[in-house]
K.L.:
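Please see the structure below; I have some questions.
Protein chains get the first letters and strands the later ones, always in sequence-line order, with residue 1 at the start of each.
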Protein chains: 2
Amino acid sequence: MITLDERTRKILHAVVENYINFPDPVGSRTVAKGYPFGLSPATIRNIMADLEEMGFLLQPHTSAGRVPTDMGYRFYVESIVTESSFLHKEPFRELYKRLETLKDNIDILFSETTRTISKLSHYLGIAMSPKPDVTTLNKIELLKYKADKIAAILFTDEGLIKNKIISIGAEVTQKDLNRIAGYLNSEFSGHTFDEIRQKVIKEMSKEKIMCDRLISKALKICQEAFYFLYGDLFISGLSEVLELPDFTDLNKIKELSRAIEDKHTIITLLDKLSECNGVQIIIGSENSMDEMKKLSVVVSTYKEGDRPIGVVGIIGPTRMNYSKAIYIVDNTAKFITKMLAER
Amino acid sequence: MITLDERTRKILHAVVENYINFPDPVGSRTVAKGYPFGLSPATIRNIMADLEEMGFLLQPHTSAGRVPTDMGYRFYVESIVTESSFLHKEPFRELYKRLETLKDNIDILFSETTRTISKLSHYLGIAMSPKPDVTTLNKIELLKYKADKIAAILFTDEGLIKNKIISIGAEVTQKDLNRIAGYLNSEFSGHTFDEIRQKVIKEMSKEKIMCDRLISKALKICQEAFYFLYGDLFISGLSEVLELPDFTDLNKIKELSRAIEDKHTIITLLDKLSECNGVQIIIGSENSMDEMKKLSVVVSTYKEGDRPIGVVGIIGPTRMNYSKAIYIVDNTAKFITKMLAER
DNA sequence: TTTTAGCACTCTCAGTGTTCAAGTGCTAAT
DNA sequence: ATTAGCACTTGAACACTGAGAGTGCTAAAA
């Protein structure tokens with residue numbers, strides 16, 4: 001990391017903050033007037049030229065002011081994190097209160113959380129419910145549904161309930177189902193979904209086990225039940241974002257809407273982020289996916305105990321109020337963590 | 001309904017169809033050339049002027065061609081329905097095939113259905129899963145979840161499974177829960193969710209019943225379980241729609257995105273439509289909601305037996321290929337009906 | 001009586017030139 | 001090392017223009 005002398009750093013800050021607040025390229029005059037450096041525009045011009053040379057700023061065209069590059073934002077973000085200069089008020093307790101009433105229904109909880117985030121931030125709110133690789137089975141119940149169909153109800157430690165209809169060739173009695181469920185519970189409860197999938201495959205390869213009709217049936221059911229379960233992605237706030245001056249260009253809007261609809265891509269992105277602790281920020285071109293290269297992502301993980309199990313966050317333009325975004329995301333993640341613990 | 005003589009009608013058709021295919025106001029020359037009426041532009045001009053006077057067409061400005069009004073579209077739509085002139089091929093069997101694999105998971109089925117619709121039509125695909133007032137309870141199961149919490153699993157005749165966590169004050173045994181579930185099943189199965197809600201309220205007012213501890217508890221659980229259940233709304237295809245020339249204006253896009261995010265409003269709209277049979281079309285200003293006054297909606301109901309239980313459809317610009325939209329929506333609704341029956 | 005050719009008229013759109021303000025980099029003075 | 005001054009560059013805003021498309025009206029033709 002390049003280090004900058006105090007004065008240069010402060011001017012970079014000034015440019016970034018000004019640009020975050022007013023979406024026009026910022027010129028030397030603006031900085032000189034708006035920030036009490038006691039420096040003339042000319043001096044500031046020189047420094048800004050240096051910053052441009054180093055890659056922190058960029059001129060859209062010769063006679064325009066300067067705009068931060070992704071690298072400029074990155075530098076800015078690093079310093080506000082270490083300075084932890086974001087001393088926001090908490091005007092949104094009451095919004096959280098509403099969410100508290102939803103804690104028994106995880107899906108609605110998450111979808112409302114994204115709405116809350118987007119209301120607060122004016123960017124896109126995103127959330128991902130716990131994924132299979134961290135979701136631990138608490139209990140599985142099997143209920144007879146139709147002649148040759150059963151319903152598997154999966155309860156997880158994280159409070160998720162998933163259900164799945166499974167077609168089985170022959171008829172089974174509820175009594176058999178209970179025995180099967182008992183076996184599955186004794187075998188698999190406490191393990192993550194991913195582990196269970198692997199275990200099932202391993203077990204099924206053992207011949208002597210497969211001879212036991214009931215156990216073999218149990219494993220088959222189990223395999224079906226855990227197939228095709230994944231973390232759900234919630235996104236909202238498009239109309240908020242369209243009010244921003246950053247999205248007046250039709251092409252940018254198209255790009256954004258494609259990014260939103262391509263949930264799979266975003267899930268992949270969040271997957272990577274869901275393993276780390278605390279707030280994480282990805283700025284523009286740091287994103288590996290093309291559609292996201294002009295967007296920034298601020299996320300944090302919510303946890304069960306010490307283990308991060310999912311992600312909430314914000315997607316917005318690179319010209320984002322990072323400090324506010326960090327604050328909102330951080331608080332929301334902590335709030336979700338608390339809610340899941342209280343449940 | 002005003003009747004038009006054959007020739008006038010045909011010219012209106014020509015204008016509408018031309019405009020649907022090419023998003024520019026259509027002039028008399030275009031009609032004369034493109035459609036074999038054996039009439040000169042001048043004559044057609046006169047007729048178009050008549051059509052404008054009657055309110056079927058509209059000139060954006062003096063020297064432009066003409067564009068259909070909502071009334072013009074309405075007339076057009078009525079006649080293609082009676083003529084049933086939409087003889088499309090069926091190039092999308094294979095798309096439906098994919099959906100067939102999903103029939104055991106209603107939520108994914110519907111969300112994929114909307115994606116399919118939007119892919120086929122290039123408009124927004126919408127779908128609403130069965131609503132409480134038509135959803136009939138097949139079976140309720142109660143499972144102990146935590147010390148003071150239980151999970152209610154509701155199976156419906158339509159193939160929906162809903163689950164809900166319910167906090168109860170005291171502890172209950174699974175045995176008690178089974179007895180309660182038995183009681184609830186004997187009492188309520190076969191009834192719609194709405195009926196059950198009403199019945200519960202009625203029962204609870206009877207004093208002697210409330211004296212029975214178990215029954216009273218059962219009713220309370222039941223009330224909780226059926227509270228806050230509604231038809232889910234699925235929408236997709238925004239990025240498809242943004243490719244249309246109808247949505248190049250930022251304000252229109254904003255309006256559209258607001259309409260999409262305001263799911264509640266759309267649910268209200270679909271609610272009304274879900275009671276009728278067959279394809280229904282609402283054109284622009286015929287919509288009662290402001291955000292939708294520049295959009296058209298084409299929907300059809302899917303059924304269980306003869307009873308319509310939900311809606312699938314298309315939202316697009318008023319300049320919509322209605323014939324294609326009708327075809328897609330009609331087929332998709334029938335397809336869903338079939339899938340639900342086979343389940 | 002109905003249809004059509006002809007024509008003047010209207011309006012939008014794309015392209016052009018001009019001006020204006022903002023902001024720069026450089027140089028010379030402080 | 002800083003700053004004032006100045007020439008220079010550029011995009012945005014605006015008015016202007018001509019071309020093109022389409023109209024309505026009138027008078028002639030069918």
Side-chain angles (χ1 to χ4, degrees), chain A residues 4-12 14-19 21-69 72 245-246 248-250, chain B residues 4-12 14-19 21-69 72 245-246 248-250:
Chain A
L4 302 177
D5 69 85
E6 184 67 8
R7 203 178 58 173
T8 316
R9 213 178 56 76
K10 278 198 170 155
I11 285 177
L12 177 54
V15 173
V16 173
E17 268 166 23
N18 206 287
Y19 187 57
N21 293 323
F22 312 96
D24 306 299
V26 354
S28 52
R29 248 181 71 89
T30 317
V31 176
K33 279 207 167 181
Y35 299 80
F37 296 131
L39 291 175
S40 76
T43 313
I44 292 176
R45 262 205 295 286
N46 287 326
I47 299 173
M48 282 165 77
D50 293 346
L51 282 167
E52 177 159 14
E53 219 165 276
M54 290 186 274
F56 292 112
L57 297 179
L58 182 84
Q59 265 186 301
H61 57 85
T62 320
S63 78
R66 260 120 177 161
V67 158
T69 59
D246 308 77
T248 40
D249 179 41
L250 184 61
Chain B
L4 302 178
D5 69 86
E6 185 66 7
R7 203 178 58 174
T8 315
R9 212 178 57 75
K10 278 198 171 155
I11 286 175
L12 176 54
V15 173
V16 173
E17 267 165 25
N18 206 288
Y19 188 57
N21 292 324
F22 312 96
D24 306 300
V26 354
S28 51
R29 247 182 73 88
T30 318
V31 175
K33 281 206 166 180
Y35 299 79
F37 296 131
L39 291 176
S40 75
T43 313
I44 293 177
R45 262 206 295 288
N46 286 326
I47 300 174
M48 281 166 77
D50 293 345
L51 283 166
E52 177 160 14
E53 219 164 276
M54 290 185 273
F56 292 111
L57 296 179
L58 183 83
Q59 266 187 301
H61 57 85
T62 321
S63 77
R66 260 119 177 162
V67 157
T69 59
D246 309 77
T248 40
D249 180 40
L250 184 61

K.L.:
In whole Å, I'd like the distance from the NE2 atom of B:His61 to the C1' atom of C:dC13.
P.N.:
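Interatomic distance, NE2 of B:His61 to C1' of C:dC13: 9 Å.
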
K.L.:
State which of C:dT24, C:dG25, C:dA22 makes the closest approach to the side chain of A:Ser63.
P.N.:
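That would be C:dA22.
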
K.L.:
Does any non-hydrogen side-chain atom of A:Pro60 lie less than 4.5 Å from one of A:Val67?
P.N.:
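They are in contact (side-chain heavy atoms under 4.5 Å apart), so the answer is yes.
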
K.L.:
Do B:Arg7 and B:Phe37 touch side chain to side chain, with heavy atoms closer than 4.5 Å?
P.N.:
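A side-chain contact under 4.5 Å is absent here.
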
K.L.:
From the list D:dG24, C:dA5, C:dT24, which nucleotide is the closest neighbour of the side chain of B:Gln59?
P.N.:
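Of D:dG24, C:dA5, C:dT24, D:dG24 is nearest to the side chain of B:Gln59.
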
K.L.:
Identify the residue among A:Ile44, A:Asn18, A:Thr30 that makes a side-chain contact (heavy atoms from CB on, under 4.5 Å) with A:Tyr35.
P.N.:
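Among A:Ile44, A:Asn18, A:Thr30, the one that satisfies the side-chain contact (heavy atoms from CB on, under 4.5 Å) with A:Tyr35 is A:Asn18.
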
K.L.:
Respond yes when some side-chain nitrogen or oxygen of B:Arg45 is under 4.0 Å from OP1 or OP2 of C:dG6, and no when none is.
P.N.:
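For C:dG6, neither OP1 nor OP2 has a side-chain N or O of B:Arg45 closer than 4.0 Å.
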
K.L.:
Less than 4.0 angstrom between a side-chain N/O of A:Ser40 and OP1 or OP2 of D:dT3, yes or no?
P.N.:
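For A:Ser40, the contact criterion (side-chain N or O under 4.0 Å from OP1 or OP2 of D:dT3) is met.
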
K.L.:
Measuring to OP1 and OP2 of D:dT2, would you say a side-chain N or O of A:Arg7 lies under 4.0 angstrom away?
P.N.:
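The answer is yes; a side-chain N or O of A:Arg7 sits under 4.0 Å from OP1 or OP2.
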
K.L.:
Quick check on side-chain contact (heavy atoms from CB on, under 4.5 Å): which of A:Asp50, A:Leu51, A:Ile47 does A:Leu57 satisfy it with?
P.N.:
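Answer after filtering A:Asp50, A:Leu51, A:Ile47: A:Leu51.
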
K.L.:
Please give, in whole Å, the distance from D:dA29 C1' to B:Leu39 CG?
P.N.:
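Atom-to-atom, B:Leu39 to D:dA29, this comes out as 16 Å.
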
K.L.:
In whole Å, what is the span from the NZ atom of B:Lys33 to the C1' atom of D:dG22?
P.N.:
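Distance, rounded to whole Å: 14 Å.
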
K.L.:
Give the rounded distance in Å between these two atoms: CG of A:Leu58 and P of C:dT24.
P.N.:
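Answer to the nearest Å: 13 Å.
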
K.L.:
For A:Phe37 and D:dT3, what is the distance between atoms CZ and P respectively, to the nearest whole Å?
P.N.:
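Going from A:Phe37 (CZ) to D:dT3 (P), I get 13 Å.
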
K.L.:
Counting only side-chain N and O atoms of B:Thr62, is one of them less than 4.0 Å from OP1 or OP2 of D:dG22?
P.N.:
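Result: no.
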
K.L.:
Using whole Å, what does the distance between atom C1' of nucleotide D:dG22 and atom CZ of B:Phe22 come to?
P.N.:
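One finds 18 Å between C1' of D:dG22 and CZ of B:Phe22, rounded.
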
K.L.:
With the side chain of A:Thr43 defined as its heavy atoms from C-beta on, choose the nearest nucleotide among D:dT3, C:dA5, D:dA21.
P.N.:
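In terms of side-chain proximity for A:Thr43, the closest of D:dT3, C:dA5, D:dA21 is D:dT3.
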
K.L.:
So if I take every side-chain heavy atom of B:Met48 and compare against D:dT23, C:dT24, D:dT3, which nucleotide ends up nearest?
P.N.:
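Nearest to the side chain of B:Met48 among the choices is D:dT23.
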
K.L.:
Picking from C:dT24, C:dT12, D:dT23, which would you name as closest to the side chain of A:Arg66?
P.N.:
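Shortest atom-to-atom distance from the side chain points to C:dT24.
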
K.L.:
Starting at the 5' end of DNA chain D and moving along, which residue's nearest nucleotide shows up first, B:Asn46 or B:Ala64?
P.N.:
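Of the two residues, B:Ala64 wins.
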
K.L.:
Of the nucleotides C:dG23, C:dT4, D:dT3, which one has an atom closest to the side chain of A:Thr30?
P.N.:
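The nucleotide sitting nearest to the side chain is C:dG23.
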
K.L.:
Nearest whole angstrom, please: distance from the P of D:dG24 to the CG of B:Leu51.
P.N.:
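Rounding to the nearest Å, CG of B:Leu51 and P of D:dG24 are 12 Å apart.
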
K.L.:
What integer distance in Å separates B:Glu52:CD from D:dG22:P?
P.N.:
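Atom CD in B:Glu52 sits about 15 Å away from atom P in D:dG22.
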
K.L.:
Please report the C-alpha distance between A:Thr8 and A:Asp5 in whole Å, then the side-chain angles of each, then the deciding distance to 0.1 Å, and finally whether the side chain to side chain donor-acceptor pair (under 3.5 Å) criterion is met.
P.N.:
CA-CA 6 Å; A:Thr8 316; A:Asp5 69 85; 2.7 Å; yes

